[in-house]
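Please read the structure below before turning to the comments.
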There are 2 protein chains.
Amino acid sequence: MELYKIHPQHYVAVDCVILGYQDEEIKLLLYPRSFEPYKGKWSLLGGFVQDNESADEAAARILKQTTGLEQIFLEQVASFSEPDRDPEARVISLAYYALIRIDLHDEEKVKDNGAYWVSISKLPNLIFDHQQMFEKALVKLQQKAGYSLCGHELLPERFTLIQLRKLYEAIFRREFDPGNFRKKMLSLDVLEKLKEKDVSESRKGAFYYRVKEGWDEKDSERIVKL
Amino acid sequence: MELYKIHPQHYVAVDCVILGYQDEEIKLLLYPRSFEPYKGKWSLLGGFVQDNESADEAAARILKQTTGLEQIFLEQVASFSEPDRDPEARVISLAYYALIRIDLHDEEKVKDNGAYWVSISKLPNLIFDHQQMFEKALVKLQQKAGYSLCGHELLPERFTLIQLRKLYEAIFRREFDPGNFRKKMLSLDVLEKLKEKDVSESRKGAFYYRVKEGWDEKDSERIVKL
DNA sequence: ACAAAAGTGTTTAGATTACACCCATGA
DNA sequence: TCATGGGTGTAATCTAAACACTTTTGT
């Protein structure tokens, strides 16, 4: 303890890159900062790590406060520690990213925080190094989607293969051949075909699928070639 | 500033997983902790983040103090922030991993720190969560080696394809077919064949290669299938 | 000449890609 | 019946893997 006391202490924050999927686009939850400096500028949702919690717990707490959701996918992105990254004080920030189903989140809570879902193709300028946090989080999402089938986190319980492909096209910002994508996904043996069809998009209708029991989090083989 | 003051501050440390390659084994630099608690127990090399430096800079500082090396490969692994991870005080630690050429490091400095190179197949118990830090760092190294040719960081300037294969076998803890490995590496078009041979291992001798100019850090395609 | 390590070639199996084609259905 | 998306099949290409084979050189 004595030996530690010669060293400085720092504020430690977590900032969350909260990602969802809606209208064939990946969206990011942002809010206009409510205090100076940079009041009114767009910011990720964040907060400070308290004495009795780990950073993981702090991130989960912030996620629950702002979206009402618990036990959702949440992972570290990187730490950001430039001494002057926040002009007001020395704050070391640990960036996290979360994948949530927009259809499940608590709209009231989001409104209370003054937060908005913004398409990642139309992002405004963000404060501090939050742009970098987002970019690193997107790379992490692409890596995750390349190895595990992340329909479960971003899509509703039931989804069609077309919806899954559109999701992957949004994540990777490129198109996939419909036939080949379908075959690849089915060959992974993690999807269960349901009896119902989604008839909202075509006359013929597309069968719904869902992730098989037990395959929720299990990683599978490589899906998308870099 | 006022708004920040209601939040606690914490000690922030960096711990470095310093990896090298020698005698066909990956080695980790460890030292016996010199103060209580856990005095004498094996620990990664670490230190506290000061007011005027980023965590990256702190890690580079510690690396220079302990090995004498500068401008070497150094990357974040993860943050560790369980409130009681250090029984003495709340310390949030940012883990880094470094790849160094053992043939270049300053043996005096290492001795002064009481540090030793330990083969990763014979690691002792480490304090706190340092074992986890090492394991995550090893995964990161495997990912890096799978995408970029990391001979440059761990091997001498010149190396034979056999030496490179032995390095990859140490990193991935499995064997590679000599013929296929050679063909794969050469097909990447990042190696330059030199005129000299290494004659220490065989009568015939094996040609030395080196990484082509400009390919130092550039990532290439996938090398090792998971 | 031969042992031993360095390096090359060949064959097979599987995955990826592009793209043509068939199917089901409501208007 | 036909337009429209949903879904299947196939051939060409590329890659990984297994393994047999040739080369070089000191003794």
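Letters go in sequence order (proteins before strands), and every chain restarts at 1.
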Pairwise side-chain contact, A:L30 with A:L45, heavy-atom cut-off 4.5 Å (strictly under): no
Distances for protein N/O vs nucleotides 7-9 of chain C N/O pairs under 3.5 angstrom?
{"residue": "C:dG7", "atom": "OP1", "partner": "B:F207", "partner atom": "N", "Å": "3.1"}
{"residue": "C:dG7", "atom": "OP2", "partner": "B:R182", "partner atom": "NH2", "Å": "2.5"}
{"residue": "C:dG7", "atom": "O5'", "partner": "B:R182", "partner atom": "NH2", "Å": "3.1"}
{"residue": "C:dG9", "atom": "O6", "partner": "B:K183", "partner atom": "NZ", "Å": "3.1"}

[X] [atom1] - [N] [atom2] separation (whole Å):
| X | N | atom1 | atom2 | answer |
| --- | --- | --- | --- | --- |
| A:F176 | C:dT16 | CZ | P | 12 Å |
| B:E175 | D:dC19 | CD | C1' | 15 Å |
| A:R165 | D:dG5 | CZ | C1' | 10 Å |
| A:L188 | C:dG14 | CG | P | 17 Å |
| A:R203 | D:dG7 | CZ | C1' | 17 Å |
| A:Q163 | D:dG5 | CD | C1' | 14 Å |
| B:F181 | D:dA16 | CZ | P | 13 Å |

Check whether any side-chain N or O of A:R101 sits under 3.5 Å from a backbone N or O of A:L155 as a donor-acceptor pair, and report yes or no. yes
Does A:R165 qualify as a cation-pi partner of A:F176, given the criterion of NZ or CZ under 6.0 Å from the six-membered ring centre and within 45 degrees of its axis? no
Contacts of type ring-ring contact (aromatic ring centres under 6.0 Å, His included), residue A:Y97, not counting sequence neighbours: A:F73
Can a salt bridge be assigned to the pair A:R174 and A:E169 using a cut-off of 4.0 Å between side-chain N and carboxylate O? no
Tell me which donor-acceptor pairs under 3.5 Å the side chains of residues 127-137 of chain A have, and how far apart each pair is, sequence neighbours excluded?
{"residue": "A:D129", "atom": "OD1", "partner": "A:R85", "partner atom": "NE", "Å": "3.4"}
{"residue": "A:D129", "atom": "OD1", "partner": "A:R85", "partner atom": "NH2", "Å": "3.0"}
{"residue": "A:D129", "atom": "OD2", "partner": "A:R85", "partner atom": "NE", "Å": "2.7"}
{"residue": "A:H130", "atom": "ND1", "partner": "A:L44", "partner atom": "N", "Å": "3.0"}
{"residue": "A:Q131", "atom": "NE2", "partner": "A:E135", "partner atom": "OE2", "Å": "3.0"}

